[in-house]
Amino acid sequence: MTPSSPISGDALSALQRLRQRRPAEERCELCALPLPERHAHLLEPKERRVLCSCDPCAFLFQDGNGRYRRIPRESYFLASFVLGDLQWEALAIPINLAFFFHSSPAGRVAAFYPSLAGATESLLDLQSWNRIAEAYPRLRQMQPDVEALLVNRLATPPEHYIVPVDRCYELTGIVRRHWSGFTGGDDVWREIARFFVTLREEAIVEGVPRA
């Protein structure tokens, strides 16, 4: 019987590269149970850290008590919400993408925008925010820490969503990964546009009377 041939150096290198490209199995960060592709997320509000979770572990934090909070999955397109140019300018956000949520650790609404440094906080004029929230009560109903108002003023007309906060960090990751040069490059704007196309398709439409 002829002995089997050893794997050549080139073939071994190819196998190693293939193994490196294969995504690691995701596991619950609380109990280490293997996770399906679509799974729950938890937020640690103090550190703004998102954790992958199995459903049983996520259920333990369903009521919002304890160290973690379960992040909801539904996104909502606010069809009837209008944020005028003067209102936007009063919020003093330096770019045309931002998200807003009530931060329990800070005890107030916080504003962030995607940047090369990650999610960057912008000093928010709370009086201006309160006037907007008074005119649109849905903003006051957002779950603290885990739901955010996501504003996309790159779109025409501008788009407004209430989303799980992990979608905001997903958008931030897109900016960090794809930005190049001083203006960002074509790739980043294409990926941002793709993100919002997907979000718009997935979102529940709020503010439109049912037929």
Side-chain angles (χ1 to χ4, degrees), residues 48 71-72 74-210:
R48 297 198 308 274
I71 299 175
E74 295 80 12
S75 298
Y76 302 90
F77 176 71
L78 305 183
S80 64
F81 179 63
V82 177
L83 188 62
D85 292 342
L86 293 179
Q87 291 174 305
W88 178 253
E89 290 172 6
L91 295 175
I93 308 297
I95 69 172
N96 284 323
L97 282 177
F99 56 99
F100 307 79
F101 61 90
H102 186 276
S103 169
S104 294
R108 58 175 172 79
V109 174
F112 288 81
Y113 58 90
S115 76
L116 292 179
T120 301
E121 185 167 9
S122 178
L123 185 61
L124 181 64
D125 184 331
L126 290 177
Q127 289 187 342
S128 297
W129 169 265
N130 289 337
R131 285 193 291 269
I132 294 169
E134 287 171 4
Y136 199 80
R138 177 67 176 88
L139 301 183
R140 302 198 301 270
Q141 298 167 4
M142 293 190 300
Q143 298 180 48
D145 302 306
V146 295
E147 277 192 316
L149 170 68
L150 176 58
V151 177
N152 175 22
R153 292 180 65 86
L154 299 174
T156 304
E159 296 177 341
H160 308 91
Y161 300 85
I162 289 178
V163 298
V165 74
D166 54 355
R167 297 305 299 271
C168 301
Y169 295 130
E170 178 186 347
L171 176 60
T172 298
I174 288 171
V175 172
R176 292 190 68 181
R177 286 194 305 274
H178 296 282
W179 189 279
S180 64
F182 291 105
T183 61
D186 293 341
D187 286 350
V188 72
W189 303 117
R190 182 167 51 250
E191 293 301 323
I192 290 172
R194 184 177 299 168
F195 170 88
F196 279 104
V197 167
T198 300
L199 180 60
R200 182 68 178 84
E201 291 174 348
E202 296 175 352
I204 300 166
V205 179
E206 281 196 347
V208 175
R210 294 182 179 180

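Computed from a predicted model, the values in this text were never measured in an experiment.
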Is there side-chain contact between Tyr161 and Glu202, with at least one heavy-atom pair below 4.5 Å?
-> no
Under 4.5 Å between any side-chain heavy atoms of Val175 and Phe195, yes or no?
-> no
Atom pair CD/NE2 of Gln143 and His102 - distance to nearest 0.5 Å = 13.5 Å
Have a look at Leu199 and tell me which of Arg194, Arg167, Glu170 forms a side-chain contact (heavy atoms from CB on, under 4.5 Å) with it.
-> Arg167
Report the relative orientation of the aromatic rings in Trp129 and Phe100; use parallel for angles under 30°, tilted for 30 to 60°, perpendicular for over 60°.
-> parallel
Are Phe81 and Val151 close enough, and set up right, to give a side chain to side chain contact (heavy atoms under 4.5 Å, CB included), and what steps lead you there?
-> CA-CA 11 Å; Phe81 179 63; Val151 177; 5.5 Å; no
Test item: Asn152 side-chain N/O and Glu159 main-chain N/O as donor-acceptor pair under 3.5 Å = no
Interatomic distance, OG@Ser103 vs CZ@Arg108, rounded to 0.5 Å, equals 6.5 Å
Is any side-chain heavy atom of Ser180 closer than 4.5 Å to a side-chain heavy atom of Asp187?
-> no
Within 6.0 angstrom of Gln141 CD, more than 12 heavy atoms from elsewhere = yes
With sequence neighbours excluded, tell me which residues meet ring-ring contact (aromatic ring centres under 6.0 Å, His included) with Phe101.
-> Phe112
Shortest non-hydrogen contact from Phe77 to Ala203?
-> N-CB, 3.7 Å
Measure the spacing between OG of Ser115 and CG of Leu97 and express it to the nearest 0.5 Å.
-> 11.5 Å
Of all heavy-atom pairs linking Glu121 and Ala110, the shortest is OE2-CB, 3.8 Å
What residues, two or more places apart in sequence or in another chain, satisfy side-chain contact (heavy atoms from CB on, under 4.5 Å) together with Ser128?
-> Ala90, Leu91, Asp125, Arg131
Give the minimum heavy-atom separation between Ser122 and Ala92, together with the two atoms involved.
-> OG-O, 3.3 Å
Flag the pair Phe196 / Leu150 as yes when at least one side-chain heavy-atom distance between them is below 4.5 Å, and no otherwise.
-> yes
Hey, what do you get for CD1 (Ile71) to CG (Asp145), rounding to the nearest 0.5 Å?
-> 10.0 Å
Any chance you could lay out the side chain to side chain contact (heavy atoms under 4.5 Å, CB included) test for Leu83 and Tyr136, step after step, and finish with the verdict?
-> CA-CA 10 Å; Leu83 188 62; Tyr136 199 80; over 6 Å; no
Can you name the closest pair of heavy atoms from Leu149 and Met142 and give their distance?
-> N-SD, 3.4 Å
State the CG-CG distance between Asn130 and Leu139, to the nearest 0.5 angstrom.
-> 11.0 Å
On a heavy-atom basis, the closest approach of Gly84 and Arg153 is O-NH1, 4.3 Å
Using modelled atom types only, decide if a donor and an acceptor are shared between the side chain of Arg140 and the backbone of Ala133 within a distance under 3.5 Å.
-> yes
d(Leu78 CG, Ile204 CD1) to nearest 0.5 Å is 11.5 Å
Donor-acceptor pair, side chain of Trp88 and main chain of Asn96, under 3.5 angstrom = no
What's the shortest heavy-atom distance between Ile174 and Glu191, and which atoms?
-> CG2-CB, 3.6 Å
